[in-house]
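Take a look at the structure set out below.
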Amino acid sequence: MKVILSYGLGVDSTAILLRWLLEPETCPCDLKDLVVITAQTGGEWDKTGDLVDRHIYPLLTARGVRTVQVARAGESDTDGIVVLSDTRSPSRCHISGSYTLAKDMLTIGTVPQTGGKRLCSLQFKGWVLDQWIAQHTQGEPFIHAVGFEAGEVKRMHRDQREGKVPGRMPVYPLIEWGWDRLTCEHYILAQLGVAWIKSACVFCPFALTTQAGKERTIPRYLANPGEAMQALLMEHVAVALNPKQGLIAGERLYDLLANTPGSRDLLEQFERHLDAQPWALYDVRRVFRAREDDITRPANAVRSVVRLAEGTRAEMLAELQQQAVELDVMVDRDGGHRRAMLSRLNVYFPSAWHALVPAPAVVADKVGPGFAKAWASVETAPRQRVFFG
């Protein structure tokens, strides 16, 4: 029976793989029959890729283990996946991916969300893995090893319920061994002599929602300014289009860094990074529909983003000011953001938020399904002159 290990590059799955390679009797199959597969989001820290290149891939090559790296091919599921590498002698961890999660977020003008399901992980990891595995197994039974550690039994149960690939038989080696995160870290350190870092995208909000996560991540930003630029740019674009956004569950990474000693040079570099970007002026409209049972509470929202002009940052700020004068509206200042507000949210719904916004020219024009109808519903709704936001 085929055995496939989902290798996420982090501590947990590295501990499983390392033990199987060094203690092959613990592996449920002969190593030549093992497949190690990684879904590359394109946002992983460079150091993670370096650790894998230096310590794991040489072991896989020495033992001839089939190693596969895959990624999304495009925004739509119909674009399929890309096989970045499929070899028994891996030498390079393709952390740059193909169609990346960062590209997706910037194109939409948002950040990964911490509420609900982890859609970024589902779309750029889970879905990608499922596509390749389904093609590889062709419906035949296979063992799928997943790196949930001891104490993650709830995640194990959810995975058992939601695993969709035909023939899949999930196993959880760390839970079977009783290994928690600390045990995994100690095992890797003892075998390789290195402290393995936690795998995550450089802009992962989950890495910043706890104090321990902040203590790990902020020094990494200060030590790796180029990677910090990715997270800050993504957040800047998202906040420009929606002031309710922020990389840390609605709070802003920029503000956190501004209050962190030693981050001044990093933020000054980010301002230069923004200046170097091509910019655009966007018309952003967002309609919040009303709940059927309560017009004081919003239901879902639909958005329209249309690019009006392009140029440098200074040119787009000047264009914003000119448009505001012609439209006789004020320009709001929100930290490093400027918006000409044409419509603010009402306390009654349906209600619309409408602004002209300068931001880096990375967001694609997009009118959400049902937007025209929703916008018309606001235009024809009774006017209530009580506003917020």
Side-chain angles (χ1 to χ4, degrees), residues 7-15 38-57 92-97 100-106 111-114 118 120-121 124-125 147 149 181-182 184-186 188-189 192-239 245-274 276 336:
Y7 183 39
L9 311 179
V11 172
D12 297 336
S13 57
T14 295
T38 300
Q40 299 285 13
T41 67
E44 184 61 68
W45 293 87
D46 287 344
K47 185 175 181 180
T48 300
D50 181 61
L51 285 171
V52 173
D53 286 347
R54 288 191 292 115
H55 298 285
I56 300 301
Y57 280 177
R92 178 189 169 202
C93 188
H94 295 273
I95 59 171
S96 58
T100 69
L101 177 55
K103 170 70 172 177
D104 194 66
M105 294 288 102
L106 289 170
V111 293
Q113 304 299 307
T114 54
R118 299 190 182 191
C120 56
S121 182
F124 281 78
K125 289 187 176 182
E149 63 191 58
R181 173 61 59 85
L182 189 59
C184 293
E185 291 175 343
H186 286 171
I188 296 170
L189 181 61
L192 300 179
V194 296
W196 209 264
I197 64 174
K198 185 176 177 61
S199 171
C201 289
V202 298
F203 44 80
C204 179
F206 296 98
L208 293 161
T209 52
T210 66
Q211 186 59 36
K214 292 173 183 175
E215 291 174 357
R216 283 193 304 267
T217 307
I218 298 305
R220 293 171 76 171
Y221 284 144
L222 297 177
N224 302 277
E227 291 168 308
M229 296 303 107
Q230 296 183 48
L232 287 167
L233 178 63
M234 183 181 295
E235 180 182 74
H236 186 92
V237 172
V239 172
Q245 291 278 10
L247 194 60
I248 314 173
E251 298 181 7
R252 300 179 187 178
L253 172 62
Y254 187 97
D255 294 341
L256 175 62
L257 288 170
N259 291 299
T260 299
S263 65
R264 180 177 177 178
D265 288 346
L266 178 64
L267 294 180
E268 288 178 350
Q269 181 175 339
F270 177 58
E271 289 301 318
R272 294 192 295 272
H273 184 67
L274 285 177

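In what follows, every heavy atom counts, from backbone to side chain, and hydrogens, waters and symmetry copies are set aside.
Heavy-atom minimum distance, Pro205 versus Leu247: CB-O, 3.0 Å. Nearest heavy-atom pair across Gly8 and Ser199 is O-OG, 3.2 Å. Nearest heavy-atom pair, Ile95 versus Gln40, reported as atom, atom and distance to 0.1 Å: CA-OE1, 3.6 Å. Summarising the geometry of Cys184 relative to Val11, their closest heavy-atom pair is CB-CG1, 3.6 Å, with the distance given to 0.1 Å. Here the closest non-hydrogen pair linking Thr217 and Ala207 is OG1-O, 3.3 Å. Nearest heavy-atom pair across Cys201 and Leu101 is SG-CD2, 4.2 Å.
Atoms OG and CZ, from Ser121 and Phe206 in turn, are 8.5 Å apart once rounded to the nearest 0.5 Å. Distance check, rounded to the nearest 0.5 Å: NE2 of His273 to CG of Leu232 gives 8.5 Å. In this structure, CE on Met105 lies 6.5 Å from CZ on Phe124, to the nearest 0.5 angstrom. Summarising the geometry, atom CD belonging to Gln211 is positioned 11.0 Å from atom CZ belonging to Arg216; distances are rounded to the nearest 0.5 Å. One finds the CD1 atom of Ile248 at 5.0 Å from the CG atom of Leu208 (value rounded to the nearest 0.5 Å).
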- request: Start with the C-alpha distance between Leu257 and Arg252, add both sets of side-chain angles, then the distance that settles side-chain contact (heavy atoms from CB on, under 4.5 Å), and finish with yes or no.
  value: CA-CA 9 Å; Leu257 288 170; Arg252 300 179 187 178; over 6 Å; no
query: Given the rule in the side-chain contact (heavy atoms from CB on, under 4.5 Å) test, do Leu256 and Tyr221 qualify, once you have shown the distances and angles that lead to the verdict?
result: CA-CA 12 Å; Leu256 175 62; Tyr221 284 144; over 6 Å; no
- prompt: Where do Trp45 and Leu51 land on the side-chain contact (heavy atoms from CB on, under 4.5 Å) test, with the steps shown first?
  reply: CA-CA 10 Å; Trp45 293 87; Leu51 285 171; over 6 Å; no
- request: Report the C-alpha separation of Tyr7 and Thr14 in whole Å, then their side-chain angles, then the decisive distance to 0.1 Å, and conclude whether the side-chain contact (heavy atoms from CB on, under 4.5 Å) test is met.
  value: CA-CA 7 Å; Tyr7 183 39; Thr14 295; 3.0 Å; yes
query: Between Asp53 and Arg92, does a salt bridge (charged side-chain N to carboxylate O under 4.0 Å, His left out) hold up when you go through it step by step?
result: CA-CA 6 Å; Asp53 286 347; Arg92 178 189 169 202; over 6 Å; no
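For Arg54, the CZ atom sits in a packed shell: over 12 heavy atoms of surrounding residues, nucleotides or ligands are nearer than 6.0 Å. Counting heavy-atom neighbours within 6.0 Å of Lys214 NZ, excluding the residue itself, gives a total above 12. Within 6.0 Å of the CD atom in Glu251, the count of heavy atoms belonging to other residues, nucleotides or ligands does not exceed 12.
With Asp50 contributing its side chain and Asp46 its backbone, the two residues share no donor-acceptor pair below 3.5 Å. When atom types are taken as modelled, the side chain of Glu44 and the backbone of Val202 share no donor-acceptor pair closer than 3.5 angstrom. Gln113 places a side-chain N or O within donor-acceptor distance of the main-chain N or O of Val111, the cut-off being under 3.5 Å. In this structure, Ser263 contributes its side chain and Thr260 its backbone to a donor-acceptor pair below 3.5 Å. Between the side chain of Glu235 and the backbone N or O of Leu253 there is at least one donor-acceptor pair closer than 3.5 Å. Under a 3.5 Å cut-off, the side chain of Trp196 and the backbone N or O of Leu9 do form a donor-acceptor pair. Gln230 places no side-chain N or O within 3.5 Å of a backbone atom of Gly43 that could act as its donor or acceptor partner.
Below 30°, between 30° and 60°, or above 60°: for Phe270 and His236 the angle between ring planes is above 60°, a perpendicular geometry.
Between Ile188 and His55, the closest side-chain pair of non-hydrogen atoms is not below 4.5 Å.
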